[in-house]
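Following: one structure in structure tokens, then a few remarks.
Computed from a prediction, not measured in an experiment: that's the story for all the values here.
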Amino acid sequence: MPIFFGMIQRKVLEKCADSELEDYLKEGNRYTPEAVQMAFEMLERRGRIFSEERLLYLKEVRSFLFQQSVQFF
């Protein structure tokens with residue numbers, strides 16, 4: 001699976017299976033905060049229901065990834 005730095009194309013993610021989108025949400029992933037957010041939104045639109053615990057974890061991951069991307073630039 002490719003690693004995305006910078007802008008992620010929504011069309012690329014739309015072609016991914018749910019299991020591939022789940023990879024974007026895993027701890028230690030190397031995807032941009034935008035890619036993680038898009039994967040999360042797509043899974044929700046596809047009917048994926050997240051527990052409150054998982055939602056909190058994903059919020060923390062997105063926040064951490066955003067902070068890392070800011071430090072990178």
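Salt bridge annotation for Glu22-Arg48: present, with a cationic side-chain nitrogen under 4.0 angstrom from a carboxylate oxygen. Looking at Asp18 and Arg46, a side-chain N of the basic residue comes within less than 4.0 Å of a carboxylate O on the acidic one, giving a salt bridge.
Side-chain contact between Glu27 and Glu60 is absent, with no heavy atoms from C-beta onward closer than 4.5 Å. Counting only heavy atoms from C-beta outward, the side chains of Leu25 and Tyr57 never approach each other to under 4.5 Å.
No continuous path of ILVMFWY side-chain contacts below 4.5 Å connects Val36 to Leu56, so the two sit in separate hydrophobic clusters.
The distance from the CG atom of Leu58 to the CD atom of Glu44 is 9.0 Å, given to the nearest 0.5 Å. Here Glu14 contributes atom CD and Met42 contributes atom CE; the two are 4.5 Å apart, rounded to the nearest 0.5 Å. Interatomic distance, CD1 of Ile49 versus CG of Leu55, reported as 10.5 Å (0.5 Å rounding).
Closest heavy-atom contact between Ala35 and Leu13: O-CD1, 3.9 Å.
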Output, in order, the C-alpha distance, side-chain angles, deciding distance and verdict of side-chain contact (heavy atoms from CB on, under 4.5 Å) for Glu20 and Lys15. CA-CA 10 Å; Glu20 293 173 302; Lys15 295 177 183 178; over 6 Å; no
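The six-membered or imidazole ring of Phe40 lies away from that of Tyr24, with a centre-to-centre distance of 6.0 Å or more.
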